[in-house]
Enquirer: 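My questions all concern the structure below.
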Amino acid sequence: MTDASTPLIVGGSAPSAARPDADLLEGLNGPQREAVTYRGQALLIVAGAGSGKTSVLTRRIASLLRTREAYPSQILAITFTNKAAGEMRERVHQLIGQKADGMWISTFHSACVRILRREAEQFGFTKSFTIYDSGDSRALIKRLVKEHEGDSFGLTPAGTQSRISKLKNELADAESYARSANMSDPAERVFVEIFSSYQRELQRANAFDFDDLIAQTVYLFRAFPQVADVYRKRFRHILVDEYQDTNHAQYALIHELTRPVGSDAEPFSSGGMMIFDAEPAGEDAASLTVVGDSDQSIYAFRGADIRNISEFERDYPGAKVVLLEQNYRSTQNILSAANAVIANNFDRKDKKLWTDVGAGDPIIGFTGYSQHDEAQFVADEIEALHKKGVDYSGVAVFYRTNSQSRALEEIFIRSAVPYKIMGGTKFYERAEIKDALAYLVAVANPADSMALRRILNRPRRGIGDVTETAIARYAAEHDITFRDALANSAQLGVGPKLQKAIDQLDAVLTEATAVMLPASGELAPSTSVTEGLTLLLNKSSYFDALRASKDPQDEARLENLDELIAVTREFARNNPEGTIIDFLTEVTLVADADDLDDASGSVSLMTLHTAKGLEYDAVFLTGVEEDLLPHRISANEPGGPQEERRLFYVGITRARKRLHVSLAMTRAQFGEVTVAMPSRFLQEIPADLIDWRQSPGDVNGRGGSQSRALNARGRRPGQPGGGNRYGDDLVPLPKRAPADPSKFPNRIPAKVRDNGDMVLAAGDRIRHDDFGEGRVDAVTGEGAKRVAHVRFDTVGPKKLLVKIAPIAKL
DNA sequence: TGAATTGTTGTTTTT
DNA sequence: CAACAATTCA
């Protein structure tokens, strides 16, 4: 069956015209070609940013199919996001057409859901299990922490959730953790209790959380070797993208799948002969290809283990390693900056990206007085690019935290820059959407009492805490589900008004069930999801309540629900066979960032994490400040600052032609205006690569040496684009002794002066430590962001941040 | 039960 | 400055 044993003779040499896949190798360099054609048990492709790895991966798949070494159904390709999966499918399709159908190209999570749905009955779940997203599981954990009085032991819901998640990613469960934990510590005991009741609740609700999807699949494979063998036989070629971001559970899953068929069959079939893991895999084991770049590992916080890639050769003896270092995306200036930055991470294999497209434009730097000022620069610059013919969709703005998008949005709206936020405040996290989905879950998975509890009093029916507990108690006493308890409202011991409310809810749910899950056994058409959802929202009076409300926000909520209904229609169109369960699965696993791929005509705004794997002609990296990038919280975490540096590196390497880095001198965070310092990462970029429109030195006025060092060449006179409104009043900086090059070039005094209460008005004369005396023209802004426009006698006009400028009133 | 008010607290990245 | 929790009052 496996014709893969017929070795293909390749090497890096030119493809012979006879090869059926010769056209697939066109335009590839030597290492790329080898990555496509190598055949063997294990292949590691170390692919630097922009080195064409997606191209290599898709051609490798296409080549396997074209040469008939594999059927589509024998291929399992794992990507990190659904969007990447879609792209890969699309590109393989372009290469070889229809034959691409039948492959599994999906994320770890989607692939596991598919397996689990098929095998759920093996271990106490049903096919119609639902998936808890992090919000759902947080809600459940919150309840459990309260019930177990975890707060008196210092357990917070958030902390507990992340601990449980980490443990699951390590394939630990409550029991195994308890064995290793110090159980004499009462806090540990309570934690274990919460952990195990959380797991029990999930099972009772017939639900998995995100981490379970992977971990339980591994358990399934380990507990039922004959089930695992089904998939081992099926998947002959497994390819994993972004391997540096896999966690232990994902690693284990891949490991299970790439073991020889029958290797861990029941004792009787191995006939007393022990078969070891390390035994040569033989041709029965699937071939494994992984692609990764340890410099782009940015998900350690989620349990990603960089060792999965660094120890690949140990885990898969005889593995072939191919290095892709030539970059086809960015200009040399951008790559030099990236190389210089990442070189500061010790403990990494040296790797240098290079290109032959030339130096390109310098990197543009800008320092704003506030985040609004910074945003205005970004908006103006985008407009300038647009006038030069750069399409909006070729521009992206990155930031470290989601909250930074607000200032940008405000300015973009005012400046009429079309934009789209990728992944931000998620559509599916809005309360009204979660409510609507909870209605659907209540129908699709009646065991899920969490969903039911959520909608019990939405819209308001007068069902409060007391009634909810009454229902729960009744359910427990009679050993029926929460859902079934609703049908017996008369026996709950509640008032007649409440009885009626419960009866009504029960009736609505029953009616919707008949629509979406007909008892007759016939399959409901996929349009029934739209029908059922509309029915639920109408007959539950959810719509009525919103329409009657005076809260102006409720209008937007109605629109959002309309949008959700539109999503169900779209779903029905794309999945003629789709059931309500399929719909719910898709909605929980497909993040917003994934389906918004069509940002045509808009600038894309996103976090640095979301940016991974994407590329744009022009990139703006904003908020490059200490405590933001690197983020303050990372400072105390082992490996934190290094991961932040990789994040910065990922951001830089997204840019094809133009890169902008910007920061603000002050940033408003929870009501307080704080003074920000330039990020250490800026110092790591060679000074001659950055052209500062306005350097940190220009802004805090302490600048002579700093700004000159940051911009060794000074502002280039006569440079087009000098009409930039920020450049207008910039003047050559005063002469000073050259800065000590051994010092950080843009170090800002750690101790920040505070002139917060200095009263300045137009006409005042002041003295500046560096610029000498001058006259105040105007003062703009408020509070900590007050900016003085000063005309100095010797150096001309400058803008100064009053709060921190080294100035004194005369 | 639910609305309104005050107080508290946290402040990163995501499938 | 949020969002959220606890508290008070109708």
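What you are looking at is a predicted structure, and each value in this text was computed from that prediction instead of being measured. These numbers come from the heavy atoms of this one structure, side chains and all, not from hydrogens, waters or symmetry mates. Labels below follow one simple rule: chain letters A, B, ... track the order of the sequence lines, proteins then strands, and each chain is numbered from 1.
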Enquirer: Look at A:Glu626 together with A:Arg680 and state whether they make a salt bridge at an N to O cut-off of under 4.0 Å.
Expert: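 Yes, A:Glu626 and A:Arg680 are salt-bridged.
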Enquirer: Rounding to a whole Å, what distance do you find between A:Lys166:NZ and B:dT12:P?
Expert: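 So the NZ-P distance, A:Lys166 to B:dT12, works out to 14 Å.
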Enquirer: In the strands shown, is B:dT9 matched to any nucleotide by a Watson-Crick or G-U wobble pair with both distances under 3.5 Å, and which?
Expert: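 C:dA2 - that is the nucleotide pairing with B:dT9, both distances being under 3.5 Å.
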Enquirer: What I want to find out is whether A:Arg547 reaches A:Asp544 closely enough, with some N-O distance under 4.0 Å, to be called a salt bridge.
Expert: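 Looking at A:Asp544 together with A:Arg547, the answer is yes, because their closest N to O distance falls below 4.0 Å.
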Enquirer: Over how many whole Å does the gap from A:Lys142 atom NZ to C:dA5 atom P extend?
Expert: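 Distance check: A:Lys142 NZ to C:dA5 P gives 4 Å.
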Enquirer: So does A:Asn402 get a side-chain nitrogen or oxygen closer than 4.0 Å to the phosphate oxygens (OP1/OP2) of B:dT14?
Expert: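 A:Asn402 to B:dT14 OP1/OP2: side-chain N or O found under 4.0 Å.
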Enquirer: Rounded to whole angstroms, how far apart are CD on A:Gln161 and C1' on B:dT15?
Expert: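 Rounded to whole Å, this separation is 13 Å.
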Enquirer: Within this structure, what is the CZ-to-P distance between A:Arg138 and B:dT14, rounded to whole angstrom?
Expert: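 Between P of B:dT14 and CZ of A:Arg138: 14 Å.
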Enquirer: For A:Ser110 and B:dT15, is the shortest distance between a side-chain N/O and OP1 or OP2 below 4.0 Å?
Expert: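 So the side-chain polar atoms of A:Ser110 never come under 4.0 Å of the phosphate oxygens OP1 or OP2 of B:dT15.
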Enquirer: Any side-chain N or O of A:Asn457 less than 4.0 Å from the OP1 or OP2 oxygen of B:dG2?
Expert: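 Checking B:dG2 against A:Asn457, a side-chain N or O does come within under 4.0 Å of OP1 or OP2.
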Enquirer: Has the side chain of A:His631 got a donor or acceptor atom sitting under 3.5 Å from an opposite partner on the base of B:dT12?
Expert: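 A donor-acceptor contact between them is absent.
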Enquirer: Could you tell me the separation between the CD atom of A:Glu643 and the C1' atom of B:dT14, rounded to a whole number of Å?
Expert: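 About 12 Å, once rounded to whole Å.
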Enquirer: Salt-bridged, A:Arg646 to A:Asp295, with N to O below 4.0 Å?
Expert: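 Salt bridge absent between A:Arg646 and A:Asp295.
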Enquirer: What is the nucleic acid contact for A:Arg460, judged by heavy atoms within less than 4.0 Å: base, sugar-phosphate only, or nothing?
Expert: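 Touches sugar-phosphate only.
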Enquirer: Do A:Arg632 and B:dT12 have a side chain to base donor-acceptor pair shorter than 3.5 Å?
Expert: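 Absent.
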Enquirer: Are A:Thr610 and B:dT13 close enough that a side-chain N or O sits under 4.0 Å from OP1 or OP2?
Expert: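 Answer is no, no contact under 4.0 Å.
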Enquirer: Would you classify A:Thr467 as touching base, sugar-phosphate or nothing, given that sugar-phosphate means primed atoms plus P, OP1 and OP2, and contacts are heavy atoms under 4.0 Å?
Expert: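 Counting heavy atoms under 4.0 Å across all strands, the contact made by A:Thr467 is with sugar-phosphate only.
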Enquirer: Starting at atom CD of A:Glu242, determine the distance to atom C1' of B:dT14, rounded to an integer number of angstrom.
Expert: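 From A:Glu242 CD to B:dT14 C1': 13 Å.
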Enquirer: Toward the 5' end of DNA chain B, which comes first, A:Arg461 or A:Phe80, by nearest nucleotide?
Expert: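 The residue closer to the strand's 5' end, by nearest nucleotide, is A:Arg461.
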Enquirer: For A:Phe301 and B:dT13, is the gap between ring centres under 5.5 Å while the planes differ by less than 30°?
Expert: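 Yes.
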Enquirer: Side chain of A:Val466: nearest nucleotide among B:dT14, B:dT1, B:dT15?
Expert: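 Minimum distance to the A:Val466 side chain belongs to B:dT1.
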Enquirer: To the nearest 0.5 Å, what is the distance between NE2 on A:His255 and CG on A:Leu288?
Expert: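 Spacing of NE2 (A:His255) from CG (A:Leu288) equals 10.0 Å.
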Enquirer: Using atom NE2 of A:His109 as one end and atom C1' of B:dT14 as the other, report the distance to the nearest whole Å.
Expert: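 It is 9 Å, rounded to the nearest whole Å.
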Enquirer: For the pair A:Lys53 and A:Asp293, find out whether any cationic side-chain nitrogen is under 4.0 Å from an anionic carboxylate oxygen.
Expert: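 Judged by the 4.0 Å cut-off on N to carboxylate O distance, A:Lys53 and A:Asp293 do not form a salt bridge.
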Enquirer: For DNA chain B, whose closest nucleotide is more 5', that of A:Gln250 or that of A:Glu644?
Expert: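 The answer here is A:Glu644.
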Enquirer: When the P atoms of B:dT13 and C:dC4 are considered, how many whole Å apart are they?
Expert: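 So the two P atoms sit 15 Å from each other.
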Enquirer: Among B:dT13, C:dA6, C:dC4, which nucleotide sits nearest the side chain of A:Arg400?
Expert: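 Taking heavy atoms from C-beta onward, the closest nucleotide is B:dT13.
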Enquirer: I need the CD-P distance between A:Glu429 and B:dT14, as an integer number of Å.
Expert: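 The distance from CD of A:Glu429 to P of B:dT14 comes to 10 Å, rounded to the nearest Å.
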Enquirer: Just checking A:Phe125 against A:Phe208, ring centres under 6.0 Å apart?
Expert: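 Centroid distance A:Phe125-A:Phe208: below 6.0 Å, so yes.
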Enquirer: Which of these nucleotides, B:dT14, C:dA2, B:dT15, is closest to any side-chain atom of A:Arg406?
Expert: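 Nearest to the side chain of A:Arg406 among the choices is C:dA2.
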Enquirer: Please check the phosphate of B:dT1 (OP1 and OP2 only) for any side-chain N or O of A:Lys497 closer than 4.0 Å.
Expert: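 Answer no for this pair, as no side-chain N or O of A:Lys497 is under 4.0 Å from OP1 or OP2.
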Enquirer: Is A:Phe108 touching bases, backbone alone, or none of the nucleic acid, heavy atoms closer than 4.0 Å?
Expert: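 Nothing, no nucleic acid heavy atom in range.
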